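These figures come from a predicted structure and were not determined experimentally.
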Amino acid sequence: VQLQASGGGLVQPGGSLRLSCAASGRTFSSYAMGWFRQAPGKEREFVAVITWNGGSTYYADSVKGRFTISRDNAKNSVYLQMNSLKPEDTAVYYCAADADPYRRLGGWKTRSSEYVYWGQGTQVTVSS
């Protein structure tokens, strides 16, 4: 699976952005998809994940209630709608894919090392 993220940009605090991640390959619909972000000088952190059919989602506490992950398997795409953006949301955002969104012993996969496929990042800057 090859992934291409887009939609980043400069937005004022309180504003909104919608990120997209386009995937190649006919097996996209069988993969769980995640979004991660990495701010300068910080480790890559989990943002959100969605199961293969969009039936279940999970969010980092820092974005819960503000961000929404969704997917359209017919378009081989996953989205991240970001509302009420804050300066601390500034980061490079990455989409990722893995065959299974759950860890073997239970719980969602939230570590970047747990995802096999990655797209290039898209910069999101929240500033006035």
> For the residue pair Val1 and Ala23, what are the closest heavy atoms and their distance?
Replying inline: CG1-CB, 4.1 Å
> Run the side chain to side chain donor-acceptor pair (under 3.5 Å) check on Ser29 and Arg71 step by step: do they pass?
Replying inline: CA-CA 9 Å; Ser29 61; Arg71 68 189 295 161; over 6 Å; no
>> Show, in sequence, the C-alpha distance, side-chain angles and deciding distance for Trp35 and Tyr94, and conclude whether the ring pair (Phe, Tyr, Trp, His ring centres under 6.0 Å) test is met.
In response: CA-CA 6 Å; Trp35 285 97; Tyr94 299 88; 9.3 Å; no
> After noting the C-alpha distance and the side-chain angles of Met82 and Leu19, does the key distance pass the side chain to side chain contact (heavy atoms under 4.5 Å, CB included) rule?
Replying inline: CA-CA 8 Å; Met82 306 185 294; Leu19 304 184; 3.7 Å; yes
> How many angstroms lie between atom CD of Glu45 and atom OG of Ser62, to the nearest 0.5 angstrom?
Replying inline: 5.5 Å
Run the side-chain donor-acceptor check on residues 52-59: report pairs under 3.5 Å with partners two or more places apart or on a different chain.
unit_1	atom_1	unit_2	atom_2	d
Asn53	OD1	Thr51	OG1	3.2
Asn53	OD1	Gly55	N	2.9
Tyr59	OH	Ile69	N	2.9

> For the residue pair Phe28 and Asn73, what are the closest heavy atoms and their distance?
Replying inline: CE2-OD1, 3.2 Å
> Hey, does the side chain of Gln120 reach the backbone of Ala5 with a donor-acceptor pair shorter than 3.5 angstrom?
Replying inline: yes
> Could you go step by step and tell me if Gln123 and Thr90 meet the side chain to side chain contact (heavy atoms under 4.5 Å, CB included) rule?
Replying inline: CA-CA 8 Å; Gln123 176 71 48; Thr90 296; 4.0 Å; yes
> Could you go step by step and tell me if Ser24 and Asn76 meet the side chain to side chain contact (heavy atoms under 4.5 Å, CB included) rule?
Replying inline: CA-CA 7 Å; Ser24 64; Asn76 276 14; 6.0 Å; no
>> Does any part of the side chain of Val124, heavy atoms only, come nearer than 4.5 Å to the side chain of Arg37, both counted from C-beta?
In response: no
>> Can you list everything that forms a ring-ring contact (aromatic ring centres under 6.0 Å, His included) with Tyr93? Sequence neighbours excluded, please.
In response: none
>> Do Val116 and Trp108 land in one hydrophobic cluster if side-chain heavy atoms of ILVMFWY residues count as linked below 4.5 Å?
In response: no
>> Any non-hydrogen side-chain atom of Ser16 less than 4.5 Å from a side-chain atom of Val11?
In response: no
> How far apart are the C-alpha atoms of Asp61 and Lys64, what are their side-chain angles, what is the distance that settles it, and do they pass the salt bridge (charged side-chain N to carboxylate O under 4.0 Å, His left out) test?
Replying inline: CA-CA 5 Å; Asp61 288 342; Lys64 200 174 296 182; 3.0 Å; yes
> Is there side-chain contact between Phe46 and Glu114, with heavy atoms separated by less than 4.5 Å?
Replying inline: no
> Which heavy atom in Ser127 sits nearest to a heavy atom in Pro13, and how many Å separate them?
Replying inline: C-CD, 3.6 Å
> Taking all atoms of both residues into account, what is the closest heavy-atom pair of Ser77 and Lys75, and its distance?
Replying inline: OG-O, 3.0 Å
>> With rounding to the nearest 0.5 angstrom, report the SG to CG distance, Cys21 to Leu80.
In response: 10.5 Å
> Closest heavy-atom contact between Tyr102 and Asp100?
Replying inline: N-OD1, 2.9 Å
>> Counting neighbours of CD on Glu88 that are heavy atoms of other residues, nucleotides or ligands and sit closer than 6.0 Å, is the number greater than 12?
In response: yes
>> Working to the nearest 0.5 angstrom, can you tell me the gap between Gln4 CD and Ser20 OG?
In response: 11.0 Å
>> Looking at Gln2, I want to see if its CD is surrounded by more than 12 non-hydrogen atoms of other residues, nucleotides or ligands under 6.0 Å.
In response: no
> Does the side chain of Leu17 come within less than 4.5 Å of Phe67's, by heavy atoms?
Replying inline: no
>> Measuring from atom CZ of Arg111 to atom CZ of Arg44, what distance do you get when rounded to the nearest 0.5 angstrom?
In response: 16.0 Å
> With Tyr115, which residues qualify under ring-ring contact (aromatic ring centres under 6.0 Å, His included), at least two apart?
Replying inline: Phe36
> Nearest heavy-atom pair of Ala97 and Met33: which atoms, and what distance?
Replying inline: CB-SD, 3.4 Å
> Please walk me through it: do Tyr31 and Tyr117 pass side chain to side chain contact (heavy atoms under 4.5 Å, CB included)?
Replying inline: CA-CA 10 Å; Tyr31 285 89; Tyr117 302 101; 3.6 Å; yes
